[in-house]
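In what follows, a single structure is set out as structure tokens and then discussed.
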Amino acid sequence: METTLRRQRAPIVQAIRVDKISGATRLVQAIRIVLAVVYAVLSLIPVLWIGMTAFKSRPDATAVPPKVIFKPTLEGFVSLLTDRAILNEARRQELLARADELPWYQRLMVQQGMEVTGPSQYVGRLRNSVIIAGVSTVAAVVLGLLAAYAFSRFPVPGKGDLLFFILSTRMLPPVVVTIPIFLMYRRLGLHDTHIGLILLYTVFNLSFSVWLMKGFLDEIPREYEEAALVDGYTRLQAFFKVVLPNSLSGLAATTVFCLIFAWNEYAFALMLTTDRARTAPPSITTMLGRGGIEWASIAAGSLGFLIPVVLVTFALRKYLLRGVTFGAIRQ
Amino acid sequence: MATIELRQVEKKFGDLHAVKPMDLTIYDGEFVVLLGPSGCGKTTTLRMIAGLETVTGGQILLNGRDVTWEHPSRRDIAFVFQLFALYPHMSVWQNIAFPLQAQGVPRQAVRERVAEVARILEIEHLLRQRPRGLSMGDQQRVALARALVRRPAAFLMDEPLGALDAELRERMRGEIKRLHIEQHATTIYVTHDQVEAMAMGDRVVVMSDAVVQQVGTPAEVYYDPANLFVARFIGSPGMNLVPCRYLGGAIEVSGSGRVPLPQGWDTALQRALGASCDVILGFRPEAAHVTSEGPLDATVYASEMEGGYAMIHLTLGGEGGPIVHIRAGRDSRYPIGTSLRIALDPGMIRFFDPRTERAIPREVGR
């Protein structure tokens with residue numbers, strides 16, 4: 001049919017001889033690399049600074065001028081994750097006497113004149129963050145994938161309007177709707193519950209994941225599924241055996257984006273939770289208010305908070321970097 | 001193998017009639033080509049037979065069994081897509097084994113059957129590769145292997161050679177034909193390329209505007225087109241079609257000359273035309289030759305060297321007259337503007353009614 005005319009011939013592969021590259025080209029290349037490196041370093045400085053502060057002792061963290069060389073310590077992390085009591089002299093002596101039996105974090109605190117009495121609230125909040133971000137991401141990606149598949153493949157009545165409606169849920173900045181949602185959640189008993197935040201984050205991410213996944217699924221030719229259908233598979237089997245393996249890179253990208261949103265979300269978490277379901281982001285800032293500013297703890301919290309997202313992104317990078325379809329079918 | 005029968009099958013997409021009710025029977029072991037221009041409904045017909053498109057009306061029978069509403073996976077039909085549709089996440093071996101796994105064929109048997117078709121299609125050395133790395137020809141072979149491995153009741157092929165370049169296309173055409181002769185499997189093949197259709201089909205189904213125009217052997221659709229569309233569409237160039245007047249015993253091409261009617265045509269035209277005397281004369285380029293005794297005057301409009309022969313374009317009856325194409329020997333030289341006379345092979349002329357555009361059948365046995 002018409003496609004025959006548009007179809008391209010096999011791509012022309014050109015080999016470039018390294019010794020034929022002109023000096024000017026190489027200079028431009030060098031400048032590009034230098035600029036990229038400089039930019040990368042500049043943007044990494046704050047992260048590096050957080051990382052350094054997290055491992056500083058309290059005096060080092062507030063030293064003026066700031067110290068670049070210092071003796072690393074885990075004090076920041078320990079004080080972030082534990083509750084402590086200030087020791088009187090007698091108890092301090094007693095603990096120092098059997099310092100060898102104490103766990104390492106206790107020893108560290110005893111040297112500061114404090115005793116670890118138990119895990120801090122922050123541990124629970126980190127757990128909340130993991131549960132809420134994890135569950136809402138999985139829910140948003142799974143539901144988004146299924147909805148996007150339907151939009152991509154079937155004649156859904158009012159498809160355009162529905163898709164626009166889904167997108168429109170994302171048009172207001174979240175902060176604008178926090179108060180109505182706050183009131184609604186109070187009524188429904190969803191205030192300060194895990195399920196409340198999970199629902200909210202899922203809804204917010206869903207619009208994103210539907211649109212993103214639809215784009216990826218549209219790229220997968222229908223012929224793959226049709227081939228599977230005539231080959232003897234049901235539509236559901238075709239979906240799992242053919243569509244899903246070919247949409248992995250899309251799933252990876254969507255997962256990362258949804259996770260970043262749910263993990264970093266601050267405004268709703270601050271408004272809609274008080275204690276039981278409070279997540280990590282609002283907790284880190286509350287540390288600013290308690291007595292002296294515990295810069296090392298705050299930095300430790302921020303650093304610890306960055307790591308999961310970085311790990312997930314790294315784990316999925318293989319799929320993120322791969323193209324969607326890989327040329328076995330030509331359009 | 002299989003007999004496929006379509007009874008009044010039709011397809012509408014909203015207001016668009018993609019296939020108007022059609023009847024067609026494809027016999028066991030037959031190679032039938034659905035031929036027509038883009039958008040004529042041939043691919044839709046094929047997809048309905050496969051079950052990838054639901055029918056709006058009519059029945060589809062496979063070996064006498066009504067499969068009209070059967071799921072595609074349960075029709076026992078293999079489909080070769082225009083763009084091959086090889087699964088990119090699977091190796092060639094996995095691609096070929098995929099349909100067998102759906103049927104729950106035991107592993108040992110899967111291995112044997114994949115090895116067998118790989119040998120038939122000479123792709124044994126590619127089994128471990130991913131399809132994206134293969135040449136177009138090899139991808140085509142893998143797609144054929146995936147269809148062949150199932151030993152299905154019938155093969156449906158949707159322009160399987162459309163993506164290949166000319167040289168490869170001719171080679172694969174031969175391979176598909178050879179496979180069909182060896183396997184003797186009922187095959188329905190969709191193409192817009194009439195050369196392919198003529199070369200491969202046992203029968204050709206010519207479609208246009210959602211309607212079947214003619215079903216016949218390649219020779220039938222070539223020599224005896226059922227209507228003006230088929231006459232123009234088949235052949236390159238198509239049949240020469242010249243409006244003329246029926247004068248009882250002869251026809252007259254305005255300003256060019258009179259051709260006496262061969263036996264059998266006179267009564268046929270009389271009966272078909274009634275009071276009217278307008279008729280369209282049709283003849284293939286090879287049915288005319290240049291001769292000084294010919295009844296028709298013509299002027300050379302252009303001529304082309306086509307390799308084994310020359311194609312001369314002529315205007316009949318001076319400037320503005322109908323243009324016809326005739327074949328001449330490759331040594332003949334006809335400068336533009338040359339006046340000459342042509343004669344028609346009496347057995348090769350056909351007539352069409354301009355009102356219905358249908359062919360007028362010749363009276364036989366008188």
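Naming convention: chains lettered A, B, ... in sequence-line order (proteins, then strands); numbering from 1 in each chain.
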Residue A:Ala238 versus chain B: region with a heavy atom under 4.5 Å
neither
Side chain, backbone, both or neither: which part of B:Ala50 has a heavy atom under 4.5 Å from chain A?
both
Scan residues 190-199 of chain B for pairs that pass salt bridge (charged side-chain N to carboxylate O under 4.0 Å, His left out), counting only residues two or more places apart or in two chains.
B:Arg169-B:Asp193
Holding to ring-ring contact (aromatic ring centres under 6.0 Å, His included), I want the full list of residues that pass it with A:Phe164, two or more places apart in sequence or in another chain.
none
At a 4.5 Å cut-off on heavy atoms, which part of B:Arg75 comes close to chain A: side chain, backbone, both, or neither?
neither
Using the ring of A:Phe239 (Phe, Tyr or Trp, six-membered ring only), decide whether A:Arg153 places NZ or CZ under 6.0 Å from its centre and within 45 degrees of its axis.
no
Give, as side chain, backbone, both or neither, the part of B:Phe81 having an atom under 4.5 angstrom from any heavy atom of chain A.
side chain
Taking the six-membered ring of A:Phe261 as reference, does the NZ or CZ atom of A:Arg170 fall below 6.0 Å from its centre and within a 45° cone about the axis?
yes
